[in-house]
J.: 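Right, I'll just put the structure down here and ask away after.
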Amino acid sequence: MTNSLRFREDGSFRVLQMADVQDGPDVLPDTIRLIREAIRKADPDLVVFTGDQIRGYDPAYIDTFLRRRGEQPGARVRAVTKVEARICGIRQHSTKDAEHTDAPGIDELMDETRAKVRRTFDGFLGPVVEAKVPFAATYGNHDFQCGILADEQDDIYREFPGCLNPADSLEPGTFALPIESSDGSGRVAMSVMMVNSGDYATESGEPGAPKERDAQYPAYVANSRGLDLADSDGYGTPTPEAIGWLKSVQVELGRRNGDGKPVPAIAFQHIPPQEFYDCLKEVPAWTPNAVEGARTHAGHCYVLNHEVCRPGSRLGEAIGCADENVGEVDAMREAGGYFALFCGHDHKNAFVGHVHGLDLGYAPTCGFECYGPKSRYRGIRLFEFHENNPAGYVTRMLTWGDLVGRYSSNEVRVWFEDHCVTDAVSMRNELRRPEVFAVLAGAMSLGFAAIVRSLLRGARR
């Protein structure tokens, strides 16, 4: 654990959560601008990145792409990535062509990928490092797909000034960041817990064991929501060791303080647990703005339960949780001290609900290279804690619309990212959006009126 964080003299501590940067080697200027403006506005004491900083399926990583940990780099590249590579003029190198002596070997290709990962980090970390703000990062389901696994990405993060990812953590992305009281006594007044929530589940239950289902590959290509689920048993979960650590770390912090009591703590990770669905309520399929659940919750439609969700909450898509509930929320409650768990992963969601004695919340994507909501809703979540009552924190979104303006530099791309339809579920979700339904109804009305006028003109002749 690190002990370099401390509440300010006025008893305050500010954290920015940045979720799903999800970009390639050349991070888009709009993403960098949003990060810079949020830091300028918030003056944070800590920045946490909650996974999928790397767009692992980007064409830039086509030579070393991994659909699953344990595969041969570049062996099973997504068809959609190949199409995007052709559009970008990127050619995949083949390490099997022994007759081509000038062809790069796998070691050379991996070195090139490492350099690209550093470029990505340099891009989105630039404003953080410039402002001299400490930062920490955990991992999502796309980071490793570039071919560089989390343990090596951890080493690369530590090359940047201000990185708090410890070299001796339980596992990459799972560690505690104790925040000491403002009086200089060294007492831990609160802790930020970073948790690696895994990437993809496997039928064997062994971490990283690839599970191939070629028969489902057409679905894998056609449906972006299921792009990386077609050959897995859903999304991953924290390891049993991480679940146990959520309890043991509180014991350690209580021992450090000398009173044996758990300290107030907030946890950050990428993939949400199933309890996030308890912030919603099931509604009929025709309900405006309802979204259909995913996988274990498929066939049901949901909206926010405003009785448990804070004002300003937004639900833009299904909660992409794992099929299995590994008891993470129960472990946090049993350990004591935990008052909140915040995630990323589902780019269009930005709600905060209070269930099971905890706040469960989201930050939406802060990137502009991936799918997500309208530009003005993409943003970074700000938390303001006070050492006398960390659980009474205040949180709000710092959005592109608030910090920069209504539109990004490429609204056409953002529009498609917001309205992209890949299957029947996404089509139905789109039709439940009142503005989309109104446009389609208006267009159909105009088309019907045009047909009627044409028929009337023909009848008069």
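Keep in mind it's a predicted model, so treat the numbers as computed, not measured.
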J.: Check Arg187 with Glu180, please: is the shortest side-chain N to carboxylate O separation under 4.0 Å?
T.: no
J.: Can we say Asp418 and Arg433 salt-bridge, meaning some charged N sits less than 4.0 Å from an Asp/Glu carboxylate O?
T.: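 Between Arg433 and Asp418 there is a salt bridge, with a charged N closer than 4.0 Å to a carboxylate O.
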J.: Under a 3.5 Å threshold, yes or no: a donor from one side chain and an acceptor from the other, between Tyr235 and Asn141?
T.: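 There is no such pair (donor and acceptor under 3.5 Å, judged by atom type) between the side chains of Tyr235 and Asn141.
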J.: Could you measure the distance from the NE2 atom of His345 to the CZ atom of Phe276? Nearest 0.5 Å is fine.
T.: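 Going from the NE2 atom of His345 to the CZ atom of Phe276 covers 11.0 Å.
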J.: When you look at CZ of Arg314, are more than 12 heavy atoms from neighbouring residues, nucleotides or ligands closer to it than 6.0 Å?
T.: no
J.: Do Ile54 and Val117 make a side-chain contact, defined as non-hydrogen atoms from C-beta onward lying under 4.5 Å apart?
T.: yes
J.: Is it true that the side chains of Tyr57 and Gln22 contain a donor and an acceptor less than 3.5 Å apart?
T.: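 Per modelled atom types, Tyr57 and Gln22 side chains form a pair under 3.5 Å.
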J.: I'd like to know if Arg378 and Glu417 make a salt bridge, using a cut-off of under 4.0 Å between side-chain N and carboxylate O.
T.: yes
J.: Compile the donor-acceptor pairs under 3.5 Å between side chains in residues 350-364 and protein atoms, sequence neighbours left out, one pair per line.
T.:
| residue | atom | partner | partner atom | Å |
| --- | --- | --- | --- | --- |
| His354 | ND1 | Leu358 | O | 3.4 |
| His354 | ND1 | Asp359 | OD1 | 2.7 |
| His356 | NE2 | Asp278 | OD2 | 2.6 |
| Asp359 | OD2 | Arg310 | NH2 | 3.1 |
| Asp359 | OD2 | Tyr393 | OH | 2.6 |
| Tyr362 | OH | Asp346 | OD2 | 2.5 |

J.: Could you check whether any side-chain N or O of Tyr338 sits under 3.5 Å from a backbone N or O of Val329, counting only pairs where one atom can act as donor and the other as acceptor?
T.: no
J.: Is any NZ, NE, NH1 or NH2 atom of the basic residue among Asp43 and Arg8 found under 4.0 Å from an Asp or Glu carboxylate oxygen of the other?
T.: yes
J.: Between Lys281 and Glu307, does any side-chain N to carboxylate O distance fall below 4.0 Å?
T.: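 Salt bridge flag = no for Glu307 with Lys281.
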J.: Show me the pairs that pass ring-ring contact (aromatic ring centres under 6.0 Å, His included) and involve residues 20-55, at least two apart or across chains.
T.: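 Counting only pairs at least two positions apart or across chains, the ring-ring contact (aromatic ring centres under 6.0 Å, His included) contacts touching residues 20-55 are Phe49-Phe124.
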J.: Thr174 side chain to Asn196 main-chain N or O, any donor-acceptor pair under 3.5 Å?
T.: yes
J.: Return each pair, listed once, that meets side chain to side chain donor-acceptor pair (under 3.5 Å) where at least one residue sits in residues 321-332; pairs must be two or more places apart or across chains.
T.: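 The answer is Gln269-Glu328, Glu275-Asn325, Arg295-Asp323.
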J.: Rounded to the nearest 0.5 Å, how far does OG of Ser248 lie from CD of Glu241?
T.: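 So the gap between those two atoms works out to 11.0 Å.
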J.: Less than 4.0 angstrom from a charged side-chain N to a carboxylate O is my criterion; do Arg413 and Glu369 meet it?
T.: yes
J.: Judged by atom type as modelled, is there a donor-acceptor pair below 3.5 Å linking the side chain of Glu71 to the main-chain atoms of Arg67?
T.: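 Side chain of Glu71 to backbone of Arg67, a donor-acceptor pair under 3.5 Å: yes, one is there.
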J.: Are His297 and Ile319 close enough that some pair of their side-chain heavy atoms sits under 4.5 Å apart?
T.: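 Of all side-chain heavy-atom pairs linking Ile319 with His297, none is under 4.5 Å.
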J.: Suppose we screen for side chain to side chain contact (heavy atoms under 4.5 Å, CB included). Which residues come up paired with Arg36, at least two apart in sequence or across chains?
T.: Ile32, Arg40, Pro127, Glu130
J.: Testing the 3.5 Å rule here: is there a donor-acceptor pair between the side chains of Asp402 and Thr399?
T.: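 On atom types as modelled, these side chains qualify, holding a pair under 3.5 Å.
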J.: Between Glu292 and Arg432, is there a salt bridge with N-O shorter than 4.0 Å?
T.: yes
J.: Under 3.5 Å, side chain of Asp52 to main-chain N/O of His142, donor-acceptor pair present?
T.: yes
J.: Taking Arg119 first and then Asp122, would you say they form a salt bridge - that is, a charged N and a carboxylate O separated by under 4.0 Å?
T.: no
J.: With Ile148 as reference, evaluate Leu66, Thr64, Asp143, Thr113 under the side-chain contact (heavy atoms from CB on, under 4.5 Å) test and give the passing residue.
T.: Thr113
J.: Using only heavy-atom distances, determine whether the side chains of Tyr61 and Glu112 contain a donor-acceptor pair under 3.5 Å.
T.: no
J.: Under the 3.5 angstrom rule, does the side chain of His270 hit a backbone N or O of Thr50 as a donor-acceptor pair?
T.: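 Side chain of His270 to backbone of Thr50: a pair is present.
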J.: Indicate yes or no: at least one non-hydrogen side-chain atom of Leu164 is less than 4.5 angstrom from one of Ser4.
T.: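 Touching, per the 4.5 Å side-chain cut-off.
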J.: Do you see a donor-acceptor pair shorter than 3.5 Å between the side chains of Asn410 and Ser408?
T.: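 Not at all, the side chains of Asn410 and Ser408 share no donor-acceptor pair under 3.5 Å.
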J.: Taking the side chain as every heavy atom from C-beta outward, state whether Gln17 and Leu382 have any pair of such atoms under 4.5 Å apart.
T.: no
J.: Got a second to check how far Thr81's OG1 is from Arg76's CZ, nearest 0.5 Å?
T.: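 If I round to the nearest 0.5 Å, the distance is 12.5 Å.
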J.: At what distance, to the nearest 0.5 angstrom, does CG of Asn349 lie from CG of Leu315?
T.: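 Nearest 0.5 Å value for the CG-CG distance: 5.0 Å.
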J.: Determine whether a donor-acceptor pair (N or O, by modelled atom type, separation under 3.5 Å) exists between the side chain of Thr120 and the backbone of Lys116.
T.: yes
J.: Taking only Lys NZ, Arg NE, NH1 and NH2, and the carboxylate oxygens of Asp or Glu, determine whether Arg158 and Asp154 approach each other closer than 4.0 Å.
T.: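 Answer for the salt bridge query: yes.
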J.: Ignoring hydrogens and angles, tell me if any N or O in the side chain of Ser197 forms a donor-acceptor pair with the backbone of Thr237 under 3.5 Å.
T.: no
J.: When you compare the side chain of Phe368 with that of Arg33, does any pair of heavy atoms fall below 4.5 Å?
T.: no
J.: Run Tyr277 and Tyr302 through ring-ring contact (aromatic ring centres under 6.0 Å, His included) and show every step you take.
T.: CA-CA 9 Å; Tyr277 270 99; Tyr302 301 90; 5.2 Å; yes
J.: Any donor-acceptor pair under 3.5 Å linking the side-chain atoms of Glu317 with those of Tyr371?
T.: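 Yes, a side-chain donor-acceptor pair sits under 3.5 Å.
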J.: Return yes if some donor-acceptor pair links the side-chain N/O of Gln250 with the main-chain N/O of Val263 below 3.5 Å, else return no.
T.: yes
J.: Can you check whether Gly74's main-chain N or O pairs, donor with acceptor, with Gln92's side chain at less than 3.5 Å?
T.: yes
J.: Among residues at least two apart in sequence or on other chains, which ones pass side chain to side chain contact (heavy atoms under 4.5 Å, CB included) with Asn388?
T.: His386
J.: Please determine whether ring-ring contact (aromatic ring centres under 6.0 Å, His included) holds for the pair Phe385 and Phe13, giving the CA-CA distance in whole Å, both sets of side-chain angles, and the decisive distance to 0.1 Å.
T.: CA-CA 5 Å; Phe385 304 98; Phe13 192 88; 7.2 Å; no
J.: Quick check for you: to the nearest 0.5 Å, what is the distance between Asp23 atom CG and Cys366 atom SG?
T.: 10.0 Å
J.: Let's go through Arg381 and Thr395 carefully: what are the C-alpha distance in whole Å and the side-chain angles of both, what is the deciding distance for side-chain hydrogen bond (donor to acceptor under 3.5 Å, both in side chains) to 0.1 Å, and is it a yes or a no?
T.: CA-CA 7 Å; Arg381 184 170 286 283; Thr395 183; 3.1 Å; yes
J.: Decide, yes or no, whether a salt bridge links Glu152 with Arg118 under the criterion of side-chain N to carboxylate O below 4.0 Å.
T.: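 Looking at Glu152 and Arg118, the cut-off is not met.
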J.: In chain order, what residues pass the side-chain hydrogen bond (donor to acceptor under 3.5 Å, both in side chains) check against Ser181, with sequence neighbours excluded?
T.: Asp183, Ser185
J.: I need the Ser191 OG to Arg256 CZ distance, nearest 0.5 Å.
T.: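 Taking OG in Ser191 and CZ in Arg256, the distance rounds to 9.0 Å.
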J.: Kindly say whether Ser12 contributes a backbone atom to a donor-acceptor pair with the side chain of Glu387 at under 3.5 angstrom?
T.: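 Such a contact is absent between Glu387 side chain and Ser12 backbone.
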J.: Would you check if Pro134 and Val47 make a side-chain contact, meaning some heavy-atom pair closer than 4.5 Å?
T.: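 No - every pair of side-chain heavy atoms lies 4.5 Å or more apart.
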J.: Evaluate the ring-ring contact (aromatic ring centres under 6.0 Å, His included) criterion for residues Phe135 and Phe160: first the C-alpha distance (whole Å), next the side-chain angles of each, then the deciding distance (0.1 Å), finally the verdict.
T.: CA-CA 10 Å; Phe135 71 90; Phe160 291 84; 7.2 Å; no
J.: Would you kindly check if the NZ (Lys) or CZ (Arg) of Arg68 is within the cone defined by 45 degrees around the ring axis of Tyr200 and under 6.0 Å from the six-membered ring centre?
T.: yes
J.: Go through Tyr377 and Trp400 one step at a time and tell me if the ring-ring contact (aromatic ring centres under 6.0 Å, His included) criterion holds.
T.: CA-CA 6 Å; Tyr377 296 133; Trp400 177 270; over 10 Å; no
